[in-house]
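Read through the structure below, which is laid out as structure tokens, and then see the notes.
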Amino acid sequence: MNTSETALPKKFRVHHLAQAKEQGRKLTMLTAYDSITARIFDAAGIDMLLVGDSMGDNVLGHPNTIPVTLDEMIPLARAVARNAPHSLVVVDLPFGSYEDTVEHAFASAVRVLKETGAHAVKIEGGQRITDQVRLLTQSGIPVVGHLGFTPQSENVFGGKRVQGRGEAAANQLLDDATALQEAGAVAVVLEMVPAPLAAAVTEQLRIPTIGIGAGINCDGQVLVWTDMAGMGDWSPRFARRFAEIGAALQEAAQDYATAVRDGSFPAPEHSYDE
Ligand code: KIV
């Protein structure tokens with residue numbers, strides 16, 4: 001039995017975030033978009049499941065996250081939350097559902113918590129959305145921030161590009177991170193940020209940083225599960241492929257098709273006599 005102070009909590013909840021940072025225990029987060037992956041990752045002891053708007057690319061077949069709507073996110077988030085008894089479930093507020101007013105952000109976040117059973121929302125941006133973070137936090141809705149390459153602003157960045165390079169951009173990112181913390185964010189995702197800058201943000205904040213393409217010194221890591229599991233032909237440079245599930249699944253489907261065509265499936269044991 002692990003009796004150390006850093007033993008995994010049975011149910012990972014928001015208050016464990018600060019605790020993990022204090023104890024120096026690395027946080028784990030993976031995206032999940034359905035009940036099957038939610039069950040598997042929850043059983044694997046992943047601290048946080050992110051129902052990311054990356055479901056736009058990974059489930060709906062869009063080129064990016066921009067077309068995703070709240071109505072599309074909600075059923076997926078519900079499926080994940082119902083099937084993850086131990087992990088903290090965080091849901092992205094999609095593009096267009098929170099940026100313009102605090103009222104819009106509040107209405108969207110309330111829908112997520114009421115209709116899905118998730119525990120927290122994630123929104124992209126720094127100082128420009130701190131009013132939203134403050135109101136949600138004061139209303140009992142935990143918020144995870146997201147800085148660096150924020151996919152919903154891909155059109156402003158001109159593609160999927162590393163952010164925070166150069167002194168001015170680095171200082172801006174440090175200020176944005178502090179602003180999110182002071183507004184009440186419970187953690188901040190840092191995406192595609194130079195590792196030394198991510199380390200400086202991590203050092204500066206009391207709340208944990210969760211890196212994706214942001215180096216080893218973040219308080220935790222997040223990956224899109226399809227990248228982590230090797231589902232497609234390609235994964236981004238920052239994502240290690242911990243398995244080759246895509247190739248294994250294709251082989252299984254080919255074996256199935258061959259067995260149906262050659263008459264070896266279904267066998268007697270797969271059939272009912274009466
Ligand atoms: O939507 C998503 O998957 C994300 C991760 C890249 C952090 O926001």
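Indexing begins at 1, ligand by ligand and atom by atom, following the structure's order. Note that the numbering runs from 1 along the sequence shown for the chain.
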Problem - Atom indices of ligand 1 within 4.0 angstrom of V224 heavy atoms, with elements - result: 3 (O)
Practice task
List the atom of Q221, the atom of G215, and the distance in Å for their closest heavy-atom pair.
Solution key: NE2-O, 2.9 Å
Handout entry: Any donor-acceptor N or O pair under 3.5 Å, side chains D219, T202
Key = no
Problem - Connected via hydrophobic side-chain network under 4.5 Å: F95 and Y98 - result: no
Problem - Short side-chain donor-acceptor distance under 3.5 Å, T69 and D71 - result: no
Exercise for the section: Flag yes if I66 and L70 sit in one hydrophobic cluster, no otherwise; membership is Ile, Leu, Val, Met, Phe, Trp, Tyr, and two members link when side-chain heavy atoms are under 4.5 Å apart. Expected result: no
Practice task
Number the atoms of ligand 1 from 1 as they appear, then name those within less than 4.0 Å of a heavy atom of L50, with their elements.
Solution key: 2 (C), 4 (C), 5 (C), 7 (C), 8 (O)
Exercise for the section: Below 4.0 angstrom from a heavy atom of G52, which ligand 1 atoms are there? Numbered from 1 as shown, please. Expected result: 1 (O), 2 (C)
Completion exercise
Here the atoms of ligand 1 under 4.0 Å from any heavy atom belonging to I212 are 6 (C)
Handout entry: Heteroatom distance test (S54, ligand 1): nitrogen or oxygen, under 3.5 angstrom
Key = yes
Practice task
Using distance alone, determine whether D92 and ligand 1 share an N or O pair under 3.5 Å.
Solution key: yes
Practice task
Distance to 0.1 Å, residue and atom name: give those for the protein heavy atom nearest to atom 6 (C) of ligand 1.
Solution key: E191 OE1, 3.6 Å
Problem - Shortest non-hydrogen separation from E72 to V68 and the atoms involved - result: OE1-CA, 3.5 Å
Practice task
Could you see which bit of T31 sits under 4.0 Å from ligand 1, with heavy atoms only: side chain, backbone, both or neither?
Solution key: side chain
Handout entry: Sub-4.0 Å heavy-atom contact, K122 with ligand 1
Key = yes
Exercise for the section: Say whether L249 and F265 are linked into one hydrophobic cluster, either directly or through other cluster members, by side-chain heavy-atom distances under 4.5 angstrom. Expected result: no
